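The next block holds one structure in the form of structure tokens; read it before the comments.
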Amino acid sequence: MSTPADRSPDSTLAYLREGYRFISTRCERYGSDIFTTRLLLEPTICLRGRPAAMLFYDTERFQRAGAMPKRGQRTLTGVGGMQGLDGPPHADRKAMFMSLMTPSAVRHLGQLFEDEWRARIPAWERSGPVVLFDEVGRMLTRAVCAWAGVPLAEREVARRTGDLHAMIDAPVALGPRHWRGRLARRRGEHWAGDLVERVRRGALPAPAGGALRVIAEHRDGGGRPLPRRVAAVELLNVLRPTVAVDRLVVFAALALHDHPHCRDHVRSGEDATEQFVQEVRRYYPFFPVTAARVRRSFDWQGHHFPQGRRVLLDLYGTNHHPKLWPEPERFRPERFAGWPVDPYAFVPQGGGEHLGGHRCAGEWSTIELMKRAVTLLTTALRYDVPPQDLAVSLRRMPARPPSGFLISDVRRTG
Ligand code: HEM
């Protein structure tokens, strides 16, 4: 069988123009969940859907080394972190990371965030409209630094939050947005590397079990400590994506605004809150794709995968696949009631296994933080949503409402 091919000599500009729908649009055009194209001047295979996700997470067939484009490494992920590792080195690093995510540690992070939030409400009551995205970003920075054992003076909060945001905003951007991300990563790695060194020298006390101490003291399979730069990348792998949860909190606030009946549903109990959070993660755009490379040539369902070829799995497209999700473009939290968890159909933070594979190490903390935020938004405060630009463009990666979600006339209720 021949694999449908995008005819353009290079589709990078089309990808930037079309954003989250780039792969799905072509899958629909070709009537196929697989096609080939050229991106960043390189032949690339694009996939979406459940069978494709099962294939993509087969670590015998795919590797992560060399998969992330350089512009992503220089901004979003850094170099040497677990996203680009395979086999035993990946398993070792992932186990270190997952050891931070015990149920009680995840609850502790949630509690720190909730405490920050409750402490901010009086200031919101006194002030004019507040931008939820900015506020939640700073609260998450304070909470995750406290949780990780990273000292953070109040005067540093805005700058560090800005740098963590800039790293997230940069990988698919052109021009100043991209360069801001590179600068932020350089500054961030310098800061994080310095913290690691001070812990190693005994000059900075860091709580046992916290991310800073665990990363500083981690030894790889050969018994060696992580090089300073790699340890810095891994510490930022905790801080950066935790702050990124602010986008999902804003999407949750937007969903409550657009679907007011969900407020009662959410208040009806923890299961309903979780269903709402899962639907926010499915419905709204965040990570468009994830990338791997073919380890050794093979054929699958009549399609050829040559050794070394870059392959993209469409995460957004799989979460909106009409064969997997009835009425995928409707926001309907109830779809998750009694839904049998399927790690290859629901992939907002990657698919497959957490420990054995590359599924996001922070998925449980993301869910916990979102549940806390949704509960606070529906029970601890009342607010108005003044007129503003809330249109989420699927062409802007990563997406968010342009206004950052303004709330005004905040009153405490709980
Ligand atoms: C804002 C919410 C988040 C989103 C949308 C998200 C999304 C993702 C995605 C798509 C991947 C790649 C999966 C793959 O390549 O197959 C990933 C991996 C990862 N995420 Fe997250 N993530 C989020 C939050 C977090 C948090 C809170 C943490 C840590 C505290 C975290 C740490 C990681 C790490 C370390 C990896 C690499 C895992 C590996 O390669 O084995 N993420 N995430």
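Just so it is clear, the model here is predicted, and its values are computed rather than measured. Note that the numbering runs from 1 along the sequence shown for the chain. Read the numbers this way: they start at 1 and go in the same order the structure lists the ligands and their atoms.
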Verdict with supporting geometry, V249 and L369, side chain to side chain contact (heavy atoms under 4.5 Å, CB included) = CA-CA 8 Å; V249 171; L369 292 164; 5.9 Å; no

Before signing off on this row, confirm whether N237 and ligand 1 have an N or O atom pair separated by under 3.5 Å.
->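 Checking ligand 1 against N237, no N or O pair falls under 3.5 Å apart.
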
Say whether S365, considering both its backbone and side-chain N or O atoms, lies within less than 3.5 Å of an N or O atom on ligand 1.
-> no

In T378, V374, I367, the residue satisfying side-chain contact (heavy atoms from CB on, under 4.5 Å) with T273 is V374

Pick one: which of T141, V136, L140 meets side-chain contact (heavy atoms from CB on, under 4.5 Å) with T161?
->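 Checked T141, V136, L140 against T161; only one passes side-chain contact (heavy atoms from CB on, under 4.5 Å): T141.
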
Does ligand 1 have a heavy atom under 4.0 Å from the side chain of L315, from its backbone, from both, or from neither?
->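 It is the side chain that touches ligand 1; the backbone stays farther off.
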
Beyond-backbone contact of [X] with [Y], side-chain heavy atoms, under 4.5 angstrom:
| X | Y | result |
| --- | --- | --- |
| R64 | L85 | no |
| W147 | V238 | yes |
| F133 | R247 | yes |

Enumerate the atoms of ligand 1 whose separation from the nearest heavy atom of [X] is less than 4.0 angstrom.
| X | value |
| --- | --- |
| V238 | 30 (C) |
| K94 | 38 (C), 39 (C), 41 (O) |
| F97 | 29 (C), 35 (C) |
| R64 | 14 (C), 15 (O), 16 (O) |

Closest protein heavy atom (residue, atom, distance) for [atom]:
| atom | answer |
| --- | --- |
| atom 30 (C) of ligand 1 | T242 OG1, 3.4 Å |
| atom 10 (C) of ligand 1 | F287 CD2, 3.4 Å |
| atom 2 (C) of ligand 1 | L248 CD1, 3.6 Å |
| atom 37 (C) of ligand 1 | Q83 CG, 3.7 Å |
| atom 14 (C) of ligand 1 | T290 OG1, 3.3 Å |
| atom 16 (O) of ligand 1 | Y57 OH, 2.5 Å |
| atom 40 (O) of ligand 1 | H358 ND1, 2.7 Å |
| atom 1 (C) of ligand 1 | F286 CE1, 3.4 Å |

Near-ring test F286/F251, centroid separation under 6.0 angstrom = no

Residue list, salt bridge (charged side-chain N to carboxylate O under 4.0 Å, His left out) with D58, at least two apart or on another chain =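 D58 satisfies salt bridge (charged side-chain N to carboxylate O under 4.0 Å, His left out) with no other residue.
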
Over 60° means perpendicular and under 30° means parallel, so classify the ring planes of W117 and W124, tilted if in between.
-> perpendicular

What orientation do F405 and H257 show, parallel under 30°, tilted 30 to 60°, or perpendicular over 60°?
-> perpendicular

Of the choices M101, M68, H90, M82, which has the non-hydrogen atom that lies closest to atom 41 (O) of ligand 1?
-> H90

Non-hydrogen atom of G357 closer than 4.0 Å to ligand 1 =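 For ligand 1, residue contact (heavy atoms, under 4.0 Å) with G357 is present.
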
Non-hydrogen atom of E234 closer than 4.0 Å to ligand 1 | no

Applying the ring pair (Phe, Tyr, Trp, His ring centres under 6.0 Å) test to F56, which of F305, F62, W300, Y344 qualifies?
-> F62

Can a salt bridge be assigned to the pair E28 and R21 using a cut-off of 4.0 Å between side-chain N and carboxylate O?
-> yes

Taking NZ, NE, NH1 and NH2 as the nitrogens, is one of them in K371 or E270 under 4.0 Å from a carboxylate oxygen of the other?
->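 Yes, this pair counts.
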
Where at least one partner belongs to residues 296-315, residue pairs that pass salt bridge (Lys or Arg N to Asp or Glu O under 4.0 Å), sequence neighbours excluded |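 Listed once each, the pairs are E42-R310.
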
Identify which protein N/O/S atoms are less than 2.8 Å from atom 21 (Fe) of ligand 1.
-> C360 SG

What ring pair (Phe, Tyr, Trp, His ring centres under 6.0 Å) pairs are there with at least one residue in residues 193-215, not counting sequence neighbours?
->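 Every candidate ring pair (Phe, Tyr, Trp, His ring centres under 6.0 Å) pair involving residues 193-215 fails, so no pair, neighbours aside, qualifies.
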
